[in-house]
There are 2 protein chains.
Amino acid sequence: MDDSPPKTAPRKTTRIQKLNRKRILDAALEVFSSNGFRGSTLDMIAGEAGLSKPNILYYFDSKEAMHVALLNELMDAWLEPLEALNPDGEPLDELMGYVQKKMEMSRKFPRESRLFANEIIQGAPRMAPHLAKRLKPLFDAKATLLRKWMAEGRIAQQDAEHLIMSIWAVTQHYADFEAQLDVLIPKKEIAWRRASDHVEAIFRKLLHP
Amino acid sequence: MDDSPPKTAPRKTTRIQKLNRKRILDAALEVFSSNGFRGSTLDMIAGEAGLSKPNILYYFDSKEAMHVALLNELMDAWLEPLEALNPDGEPLDELMGYVQKKMEMSRKFPRESRLFANEIIQGAPRMAPHLAKRLKPLFDAKATLLRKWMAEGRIAQQDAEHLIMSIWAVTQHYADFEAQLDVLIPKKEIAWRRASDHVEAIFRKLLHP
DNA sequence: GATGTTTTTTACCGTTTGGTCAAGGCACGA
DNA sequence: TCGTGCCTTGACCAAACGGTAAAAAACATC
């Protein structure tokens, strides 16, 4: 008698759903990262995605939902390099590798960097939970690891927490303040190598035991 | 016969004008710096200033005019420490003094820092002229000065342009990403001294000949 | 090719936004 | 104290905003 679909109907996601959700999130990343949340409109995102406004609201409940989905999707990838710091590796190599990976991400994924930057500058209203739940524990764990390395004399004694922060500051600056960089150091092709070498020098000198 | 007011009537600014313009600009700084230009509304600014919306539009032609007035008013103060780099001083002292002054500004004037940061992250649409006309020449001049000091062997050889950029990156990070700092390093009172000491160590090690 | 479902569109709604306008309140010099 | 010009306000726009309803279109499955 019960010919209704099962309560927990899997409702498999179609190929169109997967495609369009991706198109929308990519458009949202583009728009949010260069306008901030409040400065972005559904029309902008729809236009960027090549879909109508009601159509993107068919896939996401609201503008806020798109933003949350973006943060959830990108947070892990963003933290992966820090997560990958290997306690059993050679400390200086591990840290310089981390610095290089962060520089590479600033070059390849500036939109992601700016998405987070916009959010944090404006007080992290929608990201506070992410920061406290995902970032803080990882940050504390890696700071502890750095202190252990310092205690063992394998890298120079520095403030572990502020060391991590300064790596973020210098590397992400190249993505977040790209507009300024373009005005001040226009020769694009070689600028990234110069930047990379300079940042490498900063932290190599700082950490040399 | 000609009892009309002189063509170039000075139209002296009244004390009320001076007071209210200041109140509005201060409110605008507060609002723009924590919401970005597009994310800020005239109602927010009016509310913050304790004036009505039509009233603030009596003193400034438009939202954009407030933003431009703010940038013009703050740009000079913002660049003063760099400007003050003394070619005849002791290079390492001059540079470490600059670093310390920038840290102090991040602590005392985070709103100004965030105002600029918001604008540049979003592509500097309203600040491009300022960057090219005010910042670029100063930046080039000081980079040249740094190269001279390096050639004389008075500070270590580094990429002059990227050295300036990394000083900005590290120092302004403490103002722009304050929300993140609060989550990761909560103990406010001593954090600023730790930050200051750490930043000092970075550039002292980097620049030591 | 009929049928049920998913996707897209058209038209629309209530609210917020930047900005205007005319009229009234107020200060201040004559 | 009177008038003139500065200051302030309430009422009001048109456009843009986030979001909804319902029907049309496209699609998949048989």
Side-chain angles (χ1 to χ4, degrees), chain A residues 3-28 30-32 34-70 122 125-126, chain B residues 3-32 34-70 118 122 125-126:
Chain A
D3 55 350
S4 69
K7 253 74 170 178
T8 57
R11 242 73 188 106
K12 72 169 172 191
T13 53
T14 69
R15 106 201 117 80
I16 297 184
Q17 274 170 21
K18 239 190 340 195
L19 172 75
N20 281 350
R21 263 192 241 273
K22 200 175 208 164
R23 281 170 66 183
I24 292 169
L25 282 183
D26 188 69
E30 179 71 28
V31 173
F32 282 141
S34 54
N35 298 96
F37 181 78
R38 290 216 45 187
S40 303
T41 73
L42 290 176
D43 285 309
M44 289 181 193
I45 298 173
E48 185 75 28
L51 298 172
S52 68
K53 183 169 66 172
N55 203 175
I56 67 175
L57 284 166
Y58 170 76
Y59 291 99
F60 291 91
D61 286 345
S62 65
K63 181 177 154 184
E64 180 122 18
M66 294 177 206
H67 198 260
V68 170
L70 259 187
Q122 304 188 0
R126 271 163 292 275
Chain B
D3 54 350
S4 68
K7 252 73 169 180
T8 57
R11 242 73 186 111
K12 72 170 173 191
T13 53
T14 69
R15 111 203 114 79
I16 298 184
Q17 273 169 23
K18 236 187 347 192
L19 172 75
N20 281 352
R21 263 191 242 272
K22 200 174 207 164
R23 280 171 67 184
I24 293 169
L25 283 183
D26 188 69
L29 173 59
E30 179 71 28
V31 173
F32 282 142
S34 53
N35 298 95
F37 181 78
R38 291 217 44 187
S40 303
T41 73
L42 290 176
D43 285 310
M44 290 181 193
I45 298 173
E48 184 76 27
L51 298 171
S52 68
K53 184 168 66 171
N55 203 9
I56 67 175
L57 283 167
Y58 170 77
Y59 290 99
F60 291 91
D61 287 344
S62 65
K63 183 179 156 184
E64 180 122 18
M66 294 176 206
H67 198 261
V68 170
L70 258 188
N118 260 310
Q122 305 188 1
R126 272 163 290 276

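Values below: every heavy atom of this structure, side chains too, minus hydrogens, waters and symmetry copies. Remember, predicted model here, so these are calculated numbers, not experimental data. Chain identifiers are assigned alphabetically (A, B, ...) following the order of the sequence lines, protein sequences preceding nucleic acid strands; residue numbering begins at 1 within each chain.
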Think [X] has a side-chain N or O under 4.0 angstrom from the OP1 or OP2 of [N]?
X       : N      : result
B:Tyr58 : D:dC7  : yes
B:Asn20 : D:dT8  : yes
A:Gln17 : C:dT6  : no
A:Arg38 : D:dC17 : no
A:Arg21 : C:dT7  : no

How far does [atom1] of [X] sit from [atom2] of [Y], to the nearest 0.5 angstrom?
X       : Y       : atom1 : atom2 : answer
A:Glu30 : A:Ser40 : CD    : OG    : 10.5 Å
B:Ile24 : B:Leu42 : CD1   : CG    : 10.5 Å
A:Gln17 : A:Leu19 : CD    : CG    : 11.0 Å
B:Ile45 : B:Phe60 : CD1   : CZ    : 10.0 Å
B:Met66 : B:Leu29 : CE    : CG    : 13.5 Å

Where along residues 59-67 of chain B does a heavy atom come under 4.0 Å from DNA chain C, residue by residue in number order? B:Ser62, B:Lys63
Do B:Arg23 and B:Asn20 come close enough that some side-chain heavy atom pair is under 4.5 Å?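 Yes, at least one pair of side-chain atoms sits under 4.5 Å.
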In the structure I gave you, are the side-chain heavy atoms of B:Ile16 and B:Tyr59 within less than 4.5 Å of one another anywhere?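 With C-beta onward as the side chain, the pair touches.
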Can you sort out which residues in residues 43-54 of chain B have a heavy atom within less than 4.0 Å of DNA chain D? Ascending by number, please. B:Ser52, B:Pro54
For B:Thr41, give me all partners under side-chain contact (heavy atoms from CB on, under 4.5 Å), at least two apart in sequence or on another chain.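 If we apply the side-chain contact (heavy atoms from CB on, under 4.5 Å) test to B:Thr41, skipping adjacent residues, the hits are A:Arg38, B:Asp43, B:Met44.
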For the residue pair A:Phe32 and A:Phe37, categorise the inter-ring angle as parallel (less than 30°), tilted (30 to 60°) or perpendicular (more than 60°).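 Ring orientation of A:Phe32 relative to A:Phe37: parallel.
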Rounded to whole angstrom units, what separation is found between the [atom1] atom of [X] and the [atom2] atom of [N]?
X       : N      : atom1 : atom2 : value
B:Leu42 : D:dA16 : CG    : P     : 16 Å
B:Ile16 : C:dC26 : CD1   : P     : 12 Å
A:Asn55 : D:dA26 : CG    : P     : 13 Å
B:Ile56 : C:dT20 : CD1   : P     : 13 Å

Quick one: label B:Leu57 by what it contacts on the DNA or RNA (base, sugar-phosphate, nothing), any heavy atom closer than 4.0 Å. base
